[in-house]
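Quick notes on the structure that follows.
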Amino acid sequence: MTGAESLICTLIASGVEICFANPGTTEMQFVVALDKVEGMRCVLGMAEGIVTGCADGYARMAGKPAMTLLHCGPGFANGISNLHNARRANSPMVNIVGDQATYHRPFDPPLAADTEGLARTASHWVRTSSLAKQVSSDAAEAVQVARTPPGRIATLIVPADVAWSEASGPAAPLKVSSRPQVEPEVLRTVAQVLRSGEPSILFLNGEALSEPGLVAANRIAHATGAKLRAPTHVPRMARGRGRVPVDRVPYVVDTALQAFAGLKNAILVGAKPPAGFFAYPGKPSLMTPKDCPIYVLAEPDQDAVAALQGLADEIGAPRAVPMKQEGPEPQIVSGPFDSAGFGMTLAAVLPENAVVCDDAVTSGRQIFPATFNAPPHDWIQSTGGAIGHGFPCATGAALACPDRKVVCLQGDGAGMFTLQALWTQAREKLDVVNVVFANYVYKILYGELRAGGAIPGHASDTFFDIGRPDLDWVRMAEGMGVEAASVETLEGFADTFRSACGRRGPFLIEFRISPFSPP
Ligand SMILES: Cc1ncc(C[n+]2csc(CCOP(=O)(O)OP(=O)(O)O)c2C)c(N)n1
């Protein structure tokens, strides 16, 4: 058995079932091993940003790591942007990176690079296997690290000669620690803060945004009057009718500052303090008031659901409390695109139990509150601010959840970063309805320019206008084997979306939004 074979067998034994890859010569031994061994589904991504984005989407929905197979330092580097999004979402992932043979590297062949250095920038754990007999134990450790709460990125670099040399056989899976519990003392302290009756808020993230987490948080909110908020970009959240309607921290700093003015206590539940996405001259970094103390109920790796349940019991909240109704009733709106109208329309036509992947940028700003009353669904977003996440993340989510409809909401500028994922959707016959908001500009960047007090000029118009020529999403999708149609109105979208949902396999809807005039 080669080192590569021992690694693949170890990953399969450790519960890794899918390999997203874009391999090269240094990974050939792994490809040979995958040809021989049963138990790993192999999926090709036609660029590494697809590979890592798919692995992220898969991990968020499957709750366990995928394997990626990447080619040397440059291949890894191509995948960093979506690895960054995955790291910020606490997605578990095992990256296997092939590299130059140990004895060949001193000759400085073209693909020699600082692979470890690149890997370190986007991984929690990096190791280079130097002996074939150690590859399997390194692989078992990589899975253990990836699965350690709250979820980590483990990267194992395997030189070609280590992969092809004789190994000792697969390693047994290693035990994974469960989430540490929050100390009772912490529950008592936070309960006391909430009993003060002062304006308080719970910032929820990670497991706290799961259905049981939200149910417990709702008990606390009901008993104490505390408000609930999710981060501006959620890694995964249970939403829709019958679930607790929790809005996000607004992206626009002034709106966020206004929303949190007068707060006296902020409590973090698996979340970080709510920092602005960017700094702006004269504006604060934290969205909570200066005099508002921040308490930690649960760190991201701790058992946030048990902490919320324990806190709800500690304050004597009833077990069953009424659910606050928020948000408009779903209805098909007519007319040209606007974000809130789109959200209401989507809420009316979204299939039950869908997974929504949102990389919609400004077109998605108002969709969240407008879909509080949509049928129950999960929502996942790019958590690291690196655009080009939607298409691949939706692709990975569809592989994790073959029985659920996946809906990808994608800005056109962001979509151009990783549109090759559409080809993977076609190749794997995945059940994804992609909606592209074709507004032909980087609209958000005009807003950001204005936020800094500047007026657009020739450089901004060149850099932010992505028309001239206009992208044709229908032809691009069809060129990659995905059926597509164009719509220009909300009612037209509703019709096309319904029929796209009525069939299996990928579909793309280009929502043409009248060309935006810069402010
Ligand atoms: C990897 C990466 N590159 C560049 C950016 C900067 N950026 C943020 S949003 C954006 C444009 C998004 O355009 P689009 O998807 O069309 O959405 P719109 O702004 O029109 O709503 C860019 C270039 C980024 N966030 N991440």
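Remember, it's 1-based here, ligands and their atoms both numbered in the order they're listed.
- Contact check on Arg127 versus Glu116 returns no salt bridge, with no Lys/Arg side-chain nitrogen under 4.0 Å from an Asp/Glu carboxylate oxygen.
- Looking at Ile444 against ligand 1, both its backbone and its side chain come within 4.0 Å, counting heavy atoms.
- Of the protein's non-hydrogen atoms, the one nearest atom 22 (C) of ligand 1 is Ile387 CD1, 3.4 Å.
- Side chains of Thr26 and Gln100: a donor-acceptor N/O pair is absent below 3.5 angstrom, by distance only.
- For atom 25 (N) of ligand 1, the closest heavy atom belonging to the protein is Gly385 O, 2.9 Å.
- Of the protein's non-hydrogen atoms, Gly413 N, 3.5 Å is the one closest to atom 14 (P) of ligand 1.
- In Glu491, the CD atom is crowded: over 12 heavy atoms of neighbouring residues, nucleotides or ligands sit closer than 6.0 Å.
- Under a 4.0 Å criterion applied to the non-hydrogen atoms of Gly411, ligand 1 contributes the atoms 15 (O).
- Checked by atom type, the side-chain pair Trp473/Asp412 shows no donor-acceptor distance below 3.5 Å.
- Side-chain contact between Asn22 and His71: absent, with no pair of heavy atoms (C-beta onward) separated by less than 4.5 Å.
- Less than 4.0 angstrom separates atom 6 (C) of ligand 1 from none of the non-hydrogen atoms of the protein.
- Taking only nitrogen or oxygen atoms, main chain and side chain alike, Ser81 does not reach within less than 3.5 Å of ligand 1.
- What sits closest to atom 13 (O) of ligand 1 on the protein, heavy atoms only, is Tyr442 CD2, 3.4 Å.
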Could you walk me through whether Asn95 and Thr68 pass the side-chain hydrogen bond (donor to acceptor under 3.5 Å, both in side chains) check?
CA-CA 5 Å; Asn95 302 309; Thr68 71; 2.6 Å; yes
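- Taken from CG in Asp359 to CG in Leu409, the straight-line distance is 9.5 Å, to the nearest 0.5 Å.
- Note on ligand 1: Phe417 sits in its first shell, one or more heavy atoms being nearer than 4.0 Å.
- Between the side chains of Asn353 and Arg404, a donor-acceptor pair is found at a separation under 3.5 Å.
- Between the CD atom of Gln381 and the CZ atom of Phe368 there is a distance of 6.0 Å, given to the nearest 0.5 Å.
- Given atom 15 (O) of ligand 1, the protein heavy atom at minimum distance is Ala414 N, 2.8 Å.
- Among Thr362, Val361, Val441, the residue whose heavy atom sits closest to atom 20 (O) of ligand 1 is Val441.
- Residue-to-ligand polar distances keep Ile466 apart from ligand 1: every N/O pair is separated by 3.5 Å or more.
- Which parts of ligand 1 touch Lys443 is read off a 4.0 Å heavy-atom cut-off, strictly below it: atoms 18 (P), 19 (O), 20 (O).
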